[in-house]
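Please read the structure below before turning to the comments.
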Amino acid sequence: MSALALVLFFVSCGKNGIQEHQLVGEALGTTYSIKYFSNEKLDVKPALDSLFEVVNHSMSTYRENSDISKLNQGDTTVMVDKHFTEVLRLSKIVNKNSNGYFDPTVGNLVNAYGFGSGKQLKEFDSLVIDSLLQYVGLDKIVIVPNGKVVKESPKTYIEFNAIAKGYTVDLIAEFFNAKGINNYLIELGGELLAKGENLSKETTWTVGIDDPNQEEGHRDLATSIFLRNKAMATSGNYRKFRIDPVTGIKYVHTINPKTGHPEKSNILSVSILAENCALADAYATACMAMGLEKSKEMLAKLPSLDAYIIYSEGKDKKSVFATSGFQSVVVK
């Protein structure tokens, strides 16, 4: 996650004095696009700048002086803010419901394999993995009443990258709600939250889901859905897969926090609908690590979630699993 770098702001007139506003820019190491409708002029940019700065200071592992980086360096004096506390709380809920497949303390392993902000190990075997695995587990972290984080071991490495973007989307939505804005669409790094309608088209917000098999430089959609008063997050290892030479099935690798090894999964992409974007973001990541069957079992127990899962069945053959709730919002 990095600081805000660029903002473009557009305004167009609509009916009854209500104007359509659009902002596009960069934040948290990715891009964002926000569209909202209002009959009054709001100075949104300073609020967004402040919000992104707060999230970065609290949870960016790419900042050496952030609270999370200090904690990962073994600093026991850090008093975390309400945002860190809430993201940890939500993470523990998803961790429990996913049977441990979502775990932000897998950071040391993420770094070891070269997927994180830390140092990649050039060589490691099962003994090294086991030595890192002993520090994994959300049950090894608690926040005491004074705001300090207590870890069983100072070597436990926390990384909220799989939930922080979604949480930031929720914070932006809270800002608009507080300003009385009731029609908006927020997108940050592919994570989405919509409220009300797209008044310029007088219809429900429509968003697309990328086809994981799209070619470089192309933007192909697997499907489009109507998104109203819901959040959607998509996780996928686009173009990062291995093809089994015998079956032709495409497999992607996501680190399994239970074993410490990359998990072989034929899931190419997961899109989750949830009440807020932080949960959608985290559950989408969990499904990538769980695989198709375990994901189906989890979703059956969580009626508040809906999912659209694209998976590989063979060479150049992909299939889709979608919950009934997700099917009901697909644009026909």
Side-chain angles (χ1 to χ4, degrees), residues 1-70 78-90 117 147 160-161 163-200 205 207 227 229-233 275-281:
M1 293 184 285
S2 61
L4 180 65
L6 171 70
V7 173
L8 297 177
F9 186 65
F10 306 96
V11 178
S12 61
C13 294
K15 296 179 180 180
N16 301 320
I18 296 179
Q19 293 182 323
E20 176 183 338
H21 305 262
Q22 185 172 3
L23 300 91
V24 294
E26 299 175 1
L28 310 189
T30 187
T31 61
Y32 69 85
S33 175
I34 300 170
K35 184 179 288 188
Y36 69 95
F37 294 89
S38 173
N39 56 8
E40 62 178 296
K41 183 178 179 180
L42 296 175
D43 195 6
V44 176
K45 184 181 179 299
L48 290 180
D49 285 350
S50 176
L51 187 153
F52 293 138
E53 177 59 30
V54 166
V55 173
N56 273 320
H57 180 75
S58 180
M59 291 175 273
S60 174
T61 56
Y62 292 89
R63 280 195 179 185
E64 291 186 1
N65 65 340
S66 68
D67 288 345
I68 200 168
S69 290
K70 290 178 181 178
V78 178
M79 297 180 65
V80 297
D81 60 15
K82 63 180 182 180
H83 303 295
F84 189 106
T85 302
E86 177 64 5
V87 168
L88 181 60
R89 184 187 73 84
L90 293 172
S117 60
F160 286 138
N161 293 343
I163 189 172
K165 280 192 302 181
Y167 179 74
T168 304
V169 170
D170 293 332
L171 291 181
I172 297 172
E174 287 180 8
F175 166 77
F176 283 126
N177 292 340
K179 295 294 183 180
I181 306 300
N182 297 313
N183 298 281
Y184 55 75
L185 176 65
I186 303 164
E187 181 269 329
L188 173 65
E191 321 301 19
L192 299 152
L193 192 152
K195 183 178 180 180
E197 296 183 344
N198 183 347
L199 297 183
S200 64
W205 295 103
V207 300
L227 190 64
N229 302 331
K230 281 275 188 178
M232 183 179 79
E275 61 189 43
N276 65 55
C277 206
L279 290 176
D281 198 2

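These numbers come from the heavy atoms of this one structure, side chains and all, not from hydrogens, waters or symmetry mates. Residues take their numbers from the sequence shown, with the count starting at 1.
- Under the 30°/60° scheme for interplanar angles, the aromatic rings of Phe52 and Tyr32 are found to be tilted.
- The closest donor-acceptor contact from the side chain of Ser50 to the backbone of Pro46 lies at 3.5 Å or more, if one exists at all.
- Between the CG atom in Asp81 and the CG atom in Asp67 there is a gap of 6.0 Å [rounded to 0.5 Å].
- Between Phe37 and Trp205, the ring planes are tilted. Angles from 30° to 60° get that label.
- At least one side-chain heavy atom of Thr30 sits less than 4.5 Å from a side-chain heavy atom of Leu188.
- Inter-residue side-chain proximity for Val54 and Leu171 is flagged as unmet; no heavy-atom pair is nearer than 4.5 Å.
- Judged by distance alone, with hydrogens and angles left aside, the side-chain atoms of Asp170 form no donor-acceptor pair with the main-chain N or O of Asn276 at under 3.5 Å.
- Between Cys277 and Gly166, the shortest heavy-atom contact is CB-O, 3.2 Å.
- Side-chain atoms of Ser33 do not come within 3.5 Å of backbone N or O of Glu187 as any donor-acceptor pair.
- Separation of atoms CD (Glu64) and OG (Ser69) is listed at 7.5 Å; rounding is to 0.5 Å.
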Applying side-chain contact (heavy atoms from CB on, under 4.5 Å), run through Phe84 and Ile68 and close with a yes or a no.
CA-CA 8 Å; Phe84 189 106; Ile68 200 168; 4.0 Å; yes

Please step through side-chain contact (heavy atoms from CB on, under 4.5 Å) for the pair Leu90 and Leu279, ending with a clear verdict.
CA-CA 7 Å; Leu90 293 172; Leu279 290 176; 4.0 Å; yes

Could you walk me through whether Val55 and His83 pass the side-chain contact (heavy atoms from CB on, under 4.5 Å) test, one step at a time?
CA-CA 7 Å; Val55 173; His83 303 295; 5.8 Å; no

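- Atoms CD and OH, from Gln22 and Tyr36 in turn, are 11.0 Å apart once rounded to the nearest 0.5 Å.
- Interatomic distance, CD of Gln19 versus OG of Ser200, reported as 13.0 Å (0.5 Å rounding).
- The CD atom of Glu40 sits 8.5 Å away from the NE2 atom of His21 when rounded to the nearest 0.5 Å.
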Which is it for Leu185 and Asn198 under the side-chain contact (heavy atoms from CB on, under 4.5 Å) test, yes or no, and what are the steps along the way?
CA-CA 8 Å; Leu185 176 65; Asn198 183 347; over 6 Å; no

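- Counting all heavy atoms, side chain and backbone alike, Ala231 lies closest to Ala280 at O-CB, 4.3 Å.
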Donor-acceptor pairs under 3.5 Å, side chain of residues 172-183 to any protein atom, not counting sequence neighbours: which ones?
unit_1	atom_1	unit_2	atom_2	d
Asn177	OD1	Tyr184	OH	2.8
Asn177	OD1	Lys195	NZ	3.1
Asn177	ND2	Ala173	O	3.3
Asn183	OD1	Glu197	N	2.8

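- Across every non-hydrogen atom of Asp281 and Glu191, the tightest pair is OD1-OE2, 3.1 Å.
- To the nearest 0.5 Å, the span separating NZ on Lys165 from OG1 on Thr168 amounts to 9.5 Å.
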